[in-house]
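Below: the structure, in structure tokens.
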Amino acid sequence: MKKQALVLFAHGARDPNWATPFKRLQQMTQAALPDVSVSLAFLECMTPSLPDVLPTLVESGCELITVVPVFFGQGGHVARDLPMLLESLQQAHPDLTLRTVGAVGEDAHVLSAISQYCIASLVM
């Protein structure tokens, strides 16, 4: 079986506290997948970037890397910027299997969990 890695790909922000829930998500995901390397990468304003993370994973022997856009929707960054980044990284690492999935906020299970959170916030 190929050694796998999962990269949680978020936007990034100037405020370092913005990354706190993403770091928690990375830690929770890593705990659930002890045999998979789970990393966090940012598009802008924060480090590490996806081009920073990927070579380290390849050097550690990862042959299959899945990038999960931790974005609420399929905006320009996910629809345009991420595919360009992935194409460039794939060219630099032709033996690597590099794939991505849709933005997390478009998944029915994620939307259901957010809806339940919103419903639970009501004071009855």
### Message
Less than 4.5 Å apart, side chain to side chain, heavy atoms only: is that true for Cys45 and His11?
### Response
no

### Point-to-point distance, once rounded to the nearest 0.5 Å, from CD1 of Ile65 to CD of Gln90
9.5 Å

### Message
Pair Ser39, Leu57 - check side chain to side chain contact (heavy atoms under 4.5 Å, CB included), show working.
### Response
CA-CA 9 Å; Ser39 303; Leu57 294 171; 3.8 Å; yes

### Message
Give me the atom names and distance for the closest heavy-atom approach of Gly105 to Leu111.
### Response
O-CD2, 3.1 Å

### Query
With side chains defined as the heavy atoms from C-beta onward, is the minimum distance between Val68 and Val7 less than 4.5 Å?
no

#### Entry: Ser121 side chain vs Cys118 backbone, donor-acceptor pair below 3.5 Å
yes

### Message
If we ignore hydrogens and angles and just use 3.5 Å, is the side chain of Glu106 paired with the main-chain N or O of Phe72 as donor and acceptor?
### Response
no

### Message
I need the Gln30 CD to Asp35 CG distance, nearest 0.5 Å.
### Response
9.5 Å

### Task
Flag yes if Val101 and Met28 sit in one hydrophobic cluster, no otherwise; membership is Ile, Leu, Val, Met, Phe, Trp, Tyr, and two members link when side-chain heavy atoms are under 4.5 Å apart.
no

#### Entry: Test item: Phe42 and Thr47 side chains (from C-beta on) under 4.5 Å apart, heavy atoms
no

#### Entry: Contact check, side chains of Pro55 and His93, non-hydrogen atoms, under 4.5 Å
yes

### Spacing of Trp18 atom CH2 and Lys23 atom NZ [to the nearest 0.5 Å]
10.5 Å

### Task
Indicate whether the side chain of Ser49 and that of Asp52 have a donor and an acceptor atom separated by less than 3.5 Å.
yes

### Summary
Value for CG (Leu96) from CG (Leu54), rounded to nearest 0.5 Å, stands at 5.5 Å

#### Entry: Donor-acceptor pair, side chain of Lys2 and main chain of Thr97, under 3.5 angstrom
no

### Task
Look at the side-chain heavy atoms of Ile, Leu, Val, Met, Phe, Trp and Tyr, link any pair under 4.5 Å apart, and say whether Leu6 and Leu64 land in one connected group.
no

#### Entry: Separation of Leu85 CG from Phe9 CZ (nearest 0.5 Å)
5.5 Å

### Task
Could you tell me whether the side chain of Thr29 and the main chain of Leu25 form a donor-acceptor pair under 3.5 Å?
yes

### Query
Leu82 versus Phe71: any side-chain heavy-atom pair under 4.5 Å?
no

#### Entry: Close side-chain approach of Val104 to Pro69, heavy-atom, < 4.5 Å
no

### Query
Is the side chain of Thr66 donor-acceptor paired with the backbone N or O of Arg99 at a distance under 3.5 Å, no angle test?
no

### Query
Roughly how far, to the nearest 0.5 Å, is SG of Cys62 from CD of Gln4?
9.0 Å

### Message
side chain to side chain contact (heavy atoms under 4.5 Å, CB included), that's the test. Do Lys3 and Ser37 meet it? Break it down for me.
### Response
CA-CA 9 Å; Lys3 184 175 178 185; Ser37 178; 5.6 Å; no

